[in-house]
Amino acid sequence: MEDLPGIAITGASGRMGQMLIKTVVESKKARLVGAIERKGHDWVGRDIGEAMGGSALGVTVTDEPLEAFAKAQAVIDFTAPAATIEFAKLAAQARAVHVIGTTGMTVEDIAQLAPCARHAVIVRAGNMSLGVNLLTQLTRKVAEALDEDFDIEVIEAHHHHKVDAPSGTALMLGEAAAEGRGVELNDVADRGRDGITGARKRGDIGFTAIRGGDIVGEHDILFAAAGERIVLRHMATDRTIFARGALKAALWGQTQKPGEYDMVDVLGL
Ligand SMILES: NC(=O)C1=CN([C@@H]2O[C@H](COP(=O)(O)OP(=O)(O)OC[C@H]3O[C@@H](n4cnc5c(N)ncnc54)[C@H](OP(=O)(O)O)[C@@H]3O)[C@@H](O)[C@H]2O)C=CC1
Ligand SMILES: O=C(O)C1=N[C@H](C(=O)O)C[C@H](O)C1
């Protein structure tokens, strides 16, 4: 057991934080060594298992990330952009693999990860599931095969707590479609329509975000032309798919050189 890679989970009380803790505890390939919450959180100082309403797991929730990261071989982080940038610096200091599921990061945020990746492995993806990462490959292929007679729209739906839009997954799919077309997503993305928008611009890649109830995550890539439509779809019904992918990335990262990677690298797609 002591030989298994130790995993620390940030944002331990969050929807993904709790799912990750369960996934690591149930895994035979890793052990839970840290649970981190922010200063002032009422879980700090409590056993993480008990705080989650179950039996004790022998790991006390801490608000000292560096101490926790120093005991870990990997940090799995599904929190918020500002927190993730700070955690990246600390994970690099601790030479721990940093698996980042956090979405809503700007280009400037992402640029701040590069110096950290000189010292530690970073695996970052807007979606850690096998299905979505396979779908990015399919999206690229379909976009490559079709010309601009086919309008591309990415439509995503998530629960009403989600704070960022378009989702990280929608942006991954949009990037894949743009790559397939041989264009820069930034040049063609249409991210918000309201009022008199004018007719759709040929070659644009549109994004629509639906928010409601407890939808875990649904993504359609629509290729619409005169007289026909193709829809590629992924539907997540359980967050374990993201947690399992993140744990796989944490274990995969143990044997990699420092640098920035994504789930396509991890899954070998
Ligand atoms: N890549 C993927 O496969 C997936 C990515 N996600 C992404 O993961 C992230 C988290 O999602 P979810 O679990 O639903 O969100 P939650 O709001 O349930 O959890 C977020 C956690 O992060 C903590 N946190 C937020 N800001 C800070 C901070 N500045 N310092 C320390 N801790 C902080 C929160 O603490 P507090 O409650 O105190 O604010 C909370 O515990 C989102 O960006 C989401 O899009 C989600 C699912 C899959
Ligand atoms: O916030 C979520 O819940 C999810 N976020 C990720 C995203 O932004 O794409 C992944 C998944 O869809 C769930």
Side-chain angles (χ1 to χ4, degrees), residues 8-23 34-44 48 51-52 61-66 68-69 75-90 98-106 109-110 122-133 135-136 154-176 207 209-221 233-250 261-264 266-267:
I9 309 288
T10 60
S13 74
R15 275 175 293 278
M16 278 308 300
Q18 295 194 49
M19 185 57 78
L20 286 157
I21 291 193
K22 283 194 199 118
T23 302
I36 297 97
E37 256 307 336
R38 62 166 126 208
K39 286 200 192 312
H41 195 283
D42 58 7
W43 285 21
V44 173
I48 182 64
M52 284 169 56
V61 181
T62 177
D63 57 7
E64 295 291 346
L66 186 57
F69 293 3
V75 175
I76 305 184
D77 174 19
F78 285 60
T79 55
T84 289
I85 291 164
E86 290 313 307
F87 292 144
K89 294 174 192 161
L90 301 178
H98 188 192
V99 178
I100 301 175
T102 305
T103 58
M105 296 180 78
T106 62
D109 291 335
I110 292 164
I122 294 181
V123 182
R124 187 180 64 84
N127 195 303
M128 299 276 172
S129 73
L130 170 62
V132 158
N133 283 278
L135 187 62
T136 60
V154 183
I155 303 133
E156 55 106 333
H158 282 88
H159 53 92
H160 57 210
H161 300 288
K162 186 159 179 64
V163 296
D164 56 309
S167 68
T169 310
L171 292 170
M172 278 168 63
L173 294 165
E175 283 286 355
F207 290 88
I210 294 162
R211 295 288 174 266
D214 62 356
I215 302 170
V216 174
E218 298 177 2
H219 294 86
D220 278 7
I221 308 98
R233 170 171 294 172
H234 182 267
M235 299 178 77
T237 53
D238 190 324
R239 288 186 177 83
T240 53
I241 61 170
F242 311 128
R244 276 196 246 116
L247 179 56
K248 192 181 265 256
Y261 302 90
D262 61 20
M263 280 308 282
V264 171
V266 173
L267 297 168

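The first residue of the sequence shown is numbered 1, and numbering continues consecutively from there. Just follow the structure's listing: the first ligand is 1, and inside any ligand the first atom is 1.
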Is there a nitrogen or oxygen of [X] sitting under 3.5 Å from a nitrogen or oxygen of ligand 1?
X: Met128; result: yes
X: Ala12; result: no
X: Thr103; result: yes

Starting from [atom], find the nearest protein heavy-atom neighbour and note its residue, name and distance.
atom: atom 21 (C) of ligand 1; value: Gly11 CA, 3.9 Å
atom: atom 41 (O) of ligand 1; value: Glu37 OE2, 2.7 Å
atom: atom 28 (C) of ligand 1; value: Ala83 CB, 3.3 Å
atom: atom 14 (O) of ligand 1; value: Arg15 NE, 3.0 Å
atom: atom 20 (C) of ligand 1; value: Phe78 O, 4.0 Å
atom: atom 39 (O) of ligand 1; value: Arg38 NH2, 2.6 Å
atom: atom 19 (O) of ligand 1; value: Gly14 CA, 3.4 Å
atom: atom 9 (C) of ligand 1; value: Thr79 O, 3.4 Å

For the 3.5 Å polar cut-off, considering only N or O atoms, please tell me whether [X] and ligand 2 meet it.
X: His219; answer: no
X: His158; answer: yes
X: Gly168; answer: yes

Using a 3.5 Å distance criterion without hydrogens, assess whether the side chain of [X] forms a donor-acceptor pair with backbone atoms of [Y].
X: Asn133; Y: Asn127; value: yes
X: Gln18; Y: Ser13; value: yes
X: Thr10; Y: Ile36; value: no

What part of His159 sits under 4.0 Å from ligand 2 if we count only heavy atoms: the side chain, the backbone, both or neither?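 Contact part for His159 vs ligand 2: side chain (C-beta onward).
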Quick one: [atom1] on [X] to [atom2] on [Y], what's the gap to the nearest 0.5 Å?
X: Met19; Y: Ile9; atom1: CE; atom2: CD1; answer: 12.0 Å
X: His160; Y: Ile210; atom1: NE2; atom2: CD1; answer: 15.5 Å
X: Ser167; Y: Lys162; atom1: OG; atom2: NZ; answer: 6.0 Å
X: His219; Y: His234; atom1: NE2; atom2: NE2; answer: 9.0 Å
X: Phe242; Y: Ile76; atom1: CZ; atom2: CD1; answer: 14.5 Å
X: Ile110; Y: Ile85; atom1: CD1; atom2: CD1; answer: 9.0 Å

Which of parallel (below 30°), tilted (30 to 60°) and perpendicular (above 60°) describes Trp43 and His41? perpendicular
Residues in side-chain hydrogen bond (donor to acceptor under 3.5 Å, both in side chains) contact with Arg211, at least two apart in sequence or another chain: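 So Arg211 forms a side-chain hydrogen bond (donor to acceptor under 3.5 Å, both in side chains) with Glu156.
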Does Gly104 have a non-hydrogen atom less than 4.0 Å from ligand 1?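 No.
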In this structure, does ligand 1 have an atom that sits under 4.0 Å from one of the heavy atoms of Ser13?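 True for this residue.
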Quick one: look at [X] and ligand 1, take heavy-atom pairs under 4.0 Å, and tell me if it's side chain, backbone, both or neither.
X: Lys162; value: side chain
X: Glu86; value: neither
X: His41; value: side chain
X: Ala82; value: neither

From the options His234, Met16, Arg15, Lys162, select the one whose nearest heavy atom is closest to atom 5 (N) of ligand 2.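 It is Lys162 whose heavy atom sits nearest to atom 5 (N) of ligand 2.
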Per-atom contacts of ligand 1 with [X], taking only distances under 4.0 Å to non-hydrogen atoms:
X: Thr102; answer: 43 (O)
X: Gly101; answer: 1 (N), 2 (C), 4 (C), 5 (C), 6 (N), 7 (C), 8 (O)
X: Ala80; answer: 25 (C), 26 (N)
X: Met16; answer: 13 (O), 46 (C), 47 (C)

Step by step, would you call Ile221 with Leu135 a side-chain contact (heavy atoms from CB on, under 4.5 Å)? CA-CA 9 Å; Ile221 308 98; Leu135 187 62; 3.7 Å; yes
Assess the residue pair Lys22 and Thr240 against the criterion (side-chain contact (heavy atoms from CB on, under 4.5 Å)); give the C-alpha distance rounded to whole Å, side-chain angles, the decisive distance to 0.1 Å, and a yes or no. CA-CA 9 Å; Lys22 283 194 199 118; Thr240 53; over 6 Å; no
Could you list the atoms of ligand 2 found under 4.0 angstrom from a heavy atom of [X]?
X: Gly126; result: 6 (C), 7 (C), 9 (O), 10 (C)
X: Ser167; result: 7 (C), 8 (O), 9 (O)
X: Thr169; result: 7 (C), 9 (O), 10 (C), 12 (O)

Kindly determine whether Thr136 and Leu173 satisfy side-chain contact (heavy atoms from CB on, under 4.5 Å), including the steps that lead there. CA-CA 5 Å; Thr136 60; Leu173 294 165; 3.9 Å; yes
Val216 touching ligand 2 at heavy-atom level, < 4.0 angstrom: yes
Quick check: are there more than 12 heavy atoms from other residues, nucleotides or ligands sitting under 6.0 Å from CG of Asp214? no
Stepwise side-chain contact (heavy atoms from CB on, under 4.5 Å) check, Val216 with Arg239: CA-CA 7 Å; Val216 174; Arg239 288 186 177 83; 4.0 Å; yes
Under a 3.5 Å cutoff, is there a donor and acceptor pairing between the side chains of Asp77 and His98? yes
